[in-house]
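Structure first, commentary second.
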Amino acid sequence: MSIKPLRKAVFPVGGLGTRFLPATKALPKEMLPVVDRPLIQYAVDEALEAGIEQMIFVTGRGKSAIEDHFDIAYELETTMANRGKSMELLHQTRLKPGAVAYVRQQEPMGLGHAVWCARDIVGDEPFAIFLADELMVGQPGCMKQMVEAYNKVGGNLVCGYEVPANETDRYGIISPGRQDGDLVEVTALVEKPKLGTAPSNLMIPGRYILQPEVMRVLETQEKGAGGEIQLTDAMAQMIGGQPFHAYKFGGRRFDCGDKAGYIQANIALALDRPEIGPAVRQFIDTL
Ligand code: G1P
């Protein structure tokens, strides 16, 4: 079996972010900062660390701040240069010309539809998907670990993360087969199963490596849970036809699509920072 290298990543960023209103009325939810970097930056950095070269954003109206974030910022750079300030942080956020593409989803019809909108830019090669509101913290990063696993087994590989049984109705859930270390065979997938019906408590935390054939499945995918075209349903149809595994990620995960998870991410990552960690710790101890 020849395993095609992973070069491209799709970032669905067209969502409205209604759970964070009013903060997200004029600001894309992917631009909400955790400490001092927007969520989308963590996902892009994770992709770059994994060797991914082409970033494809599936975006929508009101999301242009994301495009600006990865571009040159002339005013800032000129002003900071004149003041003799370091521009390292600004340069880190620039993507190489041509290493980023934007396509509009137009209508919020579900994650599966968003991914399908990137079909022509993805072409005939495997691709990763990052849901930026899931902040994955690991050494090395989550996608780099997944790529190492993918290079052994090929096919389709999703991330897997254990959650308490009373949370399984919020996520895509894996029905696990044979397990070999961190790798688990996927025998079925279900999107947001009713509580008490989930095949396991192994959820998919928004990291995927998929073969391009999933785009053909998405083309005819019917609406699923929540009346949306679900990526999970399209992936489920690939099981059996191609290898399908889950990689159990052992690092930390923060669901930043949820207010409590977002605040937890800020606290945890602030505590990790040598320059502000002690002050934050001191404050927490006074509560
Ligand atoms: C999406 C996916 C789901 C996945 C989740 C991770 O759900 O459909 O399979 O587990 O992201 O956050 P959403 O959060 O869009 O409802």
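For ligands, and for the atoms within them, numbers begin at 1 and follow the listed sequence. Both backbone and side-chain heavy atoms feed into the values below; hydrogens, waters and symmetry mates do not.
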N/O donor-acceptor pairs under 3.5 Å from side chains in residues 160-170, not counting sequence neighbours:
| residue | atom | partner | partner atom | Å |
| --- | --- | --- | --- | --- |
| Y161 | OH | G251 | O | 2.9 |
| E162 | OE2 | K248 | NZ | 3.2 |
| T168 | OG1 | A165 | O | 2.9 |

Any side-chain heavy-atom pair of L27 and L32 under 4.5 Å: yes
Under-4.0 Å salt bridge between K152 and D180: no
Residues K96 and E53 bridged, charged N to O under 4.0 Å: no
Cut-off 3.5 Å, no hydrogens considered: what does the side-chain donor-acceptor table look like for residues 133-146, sequence neighbours left out?
| residue | atom | partner | partner atom | Å |
| --- | --- | --- | --- | --- |
| D133 | OD2 | K29 | NZ | 3.3 |
| E134 | OE1 | R253 | NE | 2.7 |
| E134 | OE1 | R253 | NH2 | 3.2 |
| E134 | OE2 | R253 | NH2 | 3.1 |
| Q145 | OE1 | Y247 | OH | 2.6 |
| Q145 | NE2 | P140 | O | 2.9 |

Running the 4.5 Å side-chain criterion over Ile, Leu, Val, Met, Phe, Trp and Tyr, what cluster does Y74 land in, apart from itself? I72
Name the residues with a heavy atom less than 4.0 Å from ligand 1? L111, L131, E134, Y171, G172, E191, K192, I204, Q230, T232
